[in-house]
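Below: the structure, in structure tokens.
Nothing here was measured: the structure is a model prediction, and the numbers come from that model. Below, read A as the first sequence line, B as the second, and so on, with proteins coming before strands; counting in each chain starts at 1.
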Amino acid sequence: MELAFYLSGLVAVLATLGVVTGTNAVHALLYLIVSLIAVAIVFFALGAPFAGALEIIVYAGAIMVLFVFVVMILNLGQGAAEQERIWLKAQTWVGPSILAAVLLGVLVITLWRGNTGLVIEGETLTAKAVGATLFGPWIIVVELAAMLLLAALVTASHVGRLPSATSGEHSGGDQ
Amino acid sequence: MLTSAHMMALTPVILVCATAVTVMLGIAWRRQHAATALVSILGLNLALVSLYLVYSAGDVSTPLLVFDRLSMLGMVLVLASTLACLTMSHAYLEGYPGRKEEFYLLMLCAAAGGMVLVASQHLATLFFGLELLSMPLYGMLAYTYRDKRSLESGIKYLVLSAAATAFLLFGMALLYSQSGRLDIAGLLAGLESSGGGAWALAGAGLMLVGLGFKLSIVPFHLWTPDVYQGGPGPAATFLATASKAAVFIVLLRIVMVAPAFHVEWLHTVLGGLALLTMIVGNLLALIQTNLKRLLGYSSIAHFGYLLVALVVADGLAVETAGIYLITYLMTTLGAFGVVTLLSSPYSGEDASALHHYRGLFWRRPYLAAVLTVCLLSLAGIPFTAGFIGKFYIVALGVEAGRWWLVGGIIAGSVIGLYYYLRVMVTLYLVEPGMRGRDAPDNWGMKAGGVVVLGLALLVIAFGVYPTPVIDWMSVLTSPVH
């Protein structure tokens with residue numbers, strides 16, 4: 001388990017470096033997906049499978065796929081096909097692939113040795129325990145998070161609004 | 001688990017959140033600017049009343065939040081500042097062409113965040129309170145987003161505040177890894193027993209960076225003038241008053257509660273930051289030609305003075321911090337209130353350049369008088385509230401023998417006097433043919449005018465007869481736990 005923890009941690013650091021040094025949005029996002037999955041494995045190794053699963057489902061799954069789609073949609077245009085060809089060059093995908101392969105190796109080795117459910121230290125934190133804490137003593141924090149999301153939503157909907165017809169200006173459409 | 005006593009103690013926060021939700025539902029049903037403002041003000045007043053009931057019921061402590069005298073003080077300050085800001089935003093937003101009602105919703109959310117923050121005794125509530133305080137502020141600062149400066153200030157605050165939050169979280173993680181606890185008292189006790197060490201040091205330093213950013217302490221102050229200048233008047237007022245007061249009170253709580261914080265290196269660091277903040281803030285204020293920027297730098301300098309209370313951290317420190325915070329809030333609300341009123345109703349960028357104020361006295365004598373009183377109080381002239389606050393701070397510094405800090409306060413005040421007087425002179429200059437934007441003629445009738453006038457009277461009243469506030473503060477110094 002120590003191996004899984006440290007290797008995934010290393011992969012997470014390297015992949016994040018790839019994110020911040022990437023000049024192309026899609027390439028950076030590929031690295032970010034690998035980084036998030038590596039963090040999820042770190043969570044598993046630490047004995048927090050619930051957090052790990054959430055990390056994969058919510059971050060690497062939903063949010064990242066959304067990101068990639070949006071970036072790709074925005075990039076559509078005249079040179080889209082050409083752009084796709086440029087993206088298929090080896091140096092684009094080889095970095096994330098190597099890091100992902102390392103993660104896969106960690107996973108396979110762990111499964112093969114049969115020590116699933118092990119953690120490097122402490123005990124496994126189940127989803128039930130997390131839920132009982134969140135909706136027991138931490139209920140205030142959950143409610144605060146709800147207020148926070150409300151404020152964020154209102155902010156986004158207000159600032160994201162295009163100049164309305166009432167003010168008589170139409171400057172949208174240039175993006 | 002939460003008991004009914006806990007629910008009772010939470011009533012003020014719940015009331016503010018419920019008001020926010022009511023405003024949201026109201027917006028979904030029918031947009032009505034005046035009604036929205038009225039409901040928000042009503043909710044805040046109800047929360048203030050319930051706060052009094054909670055206060056008389058005595059201290060209550062939940063695992064995450066503590067409702068003692070210090071949090072009561074913080075909640076009163078946050079609620080009162082929010083009320084003043086809300087009253088001013090009604091006049092301000094009247095002229096805004098877009099949707100007006102969301103502003104109240106955002107401000108109520110931020111007020112709830114501030115109330116949670118001042119009562120937090122756990123890193124989770126500290127973090128969520130701070131985020132709930134900052135998140136709506138992004139929207140409030142960028143509210144008039146068709147004005148480039150407002151959008152710029154919102155984005156600037158968003159990006160820099162997110163970076164500061166990352167520092168804060170990383171610091172929390174390091175402290176947690178060293179102590180294994182998340183409640184502040186347990187965490188600090190754990191650190192003490194384990195003897196600190198480099199990681200704990202790094203964690204405390206990173207948390208200090210995160211909180212110092214929100215207080216715009218000098219090396220983390222660069223965002224302040226731009227954000228104050230660009231943000232709409234009421235949002236900048238809220239940022240300068242309620243938001244800063246809440247963050248300062250939580251910092252005060254951490255420093256007071258924790259014996260672990262009574263170590264020499266931390267006091268040296270805080271002392272250095274305080275000295276740097278008051279000198280740099282005042283020096284940079286000298287070269288400003290925009291009143292909002294000037295007030296921004298002046299608020300940086302004032303938090304430098306306030307940090308002295310944290311550096312000394314015993315004796316009259318809590319009382320001093322409370323009194324200084326109250327005088328600062330009254331004065332800053334008044335000064336920003338005048339700027340907001342002069343820019344109301346909204347019609348483009350705020351009227352904050354100094355030339356807008358030339359000869360203000362001859363056009364709007366009452367507003368000019370209010371601004372004069374507030375500037376005198378900021379400078380710390382006797383018979384204003386600012387003098388009482390500064391007197392306490394200097395006395396505290398002298399008592400503790402922190403001569404460098406006392407010297408810094410005096411030097412800062414002298415520099416401050418120059419630029420405050422410069423603005424005051426501008427107010428009374430006569431310049432024929434000069435026309436600028438101005439408050440509507442019946443400004444005195446409007447609620448915002450009454451608020452700034454009341455604030456100015458309070459500043460003078462507190463400067464002449466400070467006993468009630470001092471008595472109230474001395475209750476705070478009696479042992480909290």
message: If I measure from the heavy atoms of chain A, does B:L108 come under 4.5 Å with its side chain, its backbone, both, or neither?
response: neither
- prompt: So do A:F50 and A:T126 actually touch side chain to side chain, heavy atoms under 4.5 Å?
  reply: no
task: Answer with side chain, backbone, both or neither: which region of B:M24 has an atom nearer than 4.5 Å to a non-hydrogen atom of chain A?
output: side chain
field: Region of B:L10 that comes under 4.5 Å of a non-hydrogen atom in chain A
entry: side chain
message: B:T237: which residues meet the side-chain hydrogen bond (donor to acceptor under 3.5 Å, both in side chains) condition with it, sequence neighbours left out?
response: none
message: Give the interface residues of residues 139-146 of chain A toward chain B, defined by a heavy-atom separation under 4.5 Å.
response: A:I139, A:I140, A:V141, A:L144, A:A145
field: Ring centers of B:F128, B:H122 separated by less than 6.0 Å
entry: no
- request: Using ring-ring contact (aromatic ring centres under 6.0 Å, His included) as the criterion, point out the one residue from B:Y157, B:Y145, B:Y143 that pairs with B:Y138.
  value: B:Y157
- prompt: When rounded to the nearest 0.5 angstrom, what is the spacing between CD in B:E131 and OG1 in B:T165?
  reply: 4.0 Å
field: Region of B:A20 that comes under 4.5 Å of a non-hydrogen atom in chain A
entry: side chain
statement: Between the CG atom in A:L29 and the CZ atom in A:F67, the distance rounded to the nearest 0.5 Å is 7.0 Å
- request: Would you please say whether a donor-acceptor pair under 3.5 Å links the side chains of B:T125 and B:S120?
  value: no
message: At a 4.5 Å cut-off on heavy atoms, which part of B:L132 comes close to chain A: side chain, backbone, both, or neither?
response: both
message: Walk me through whether A:V20 and A:Y31 qualify under side chain to side chain contact (heavy atoms under 4.5 Å, CB included).
response: CA-CA 9 Å; A:V20 293; A:Y31 274 114; over 6 Å; no
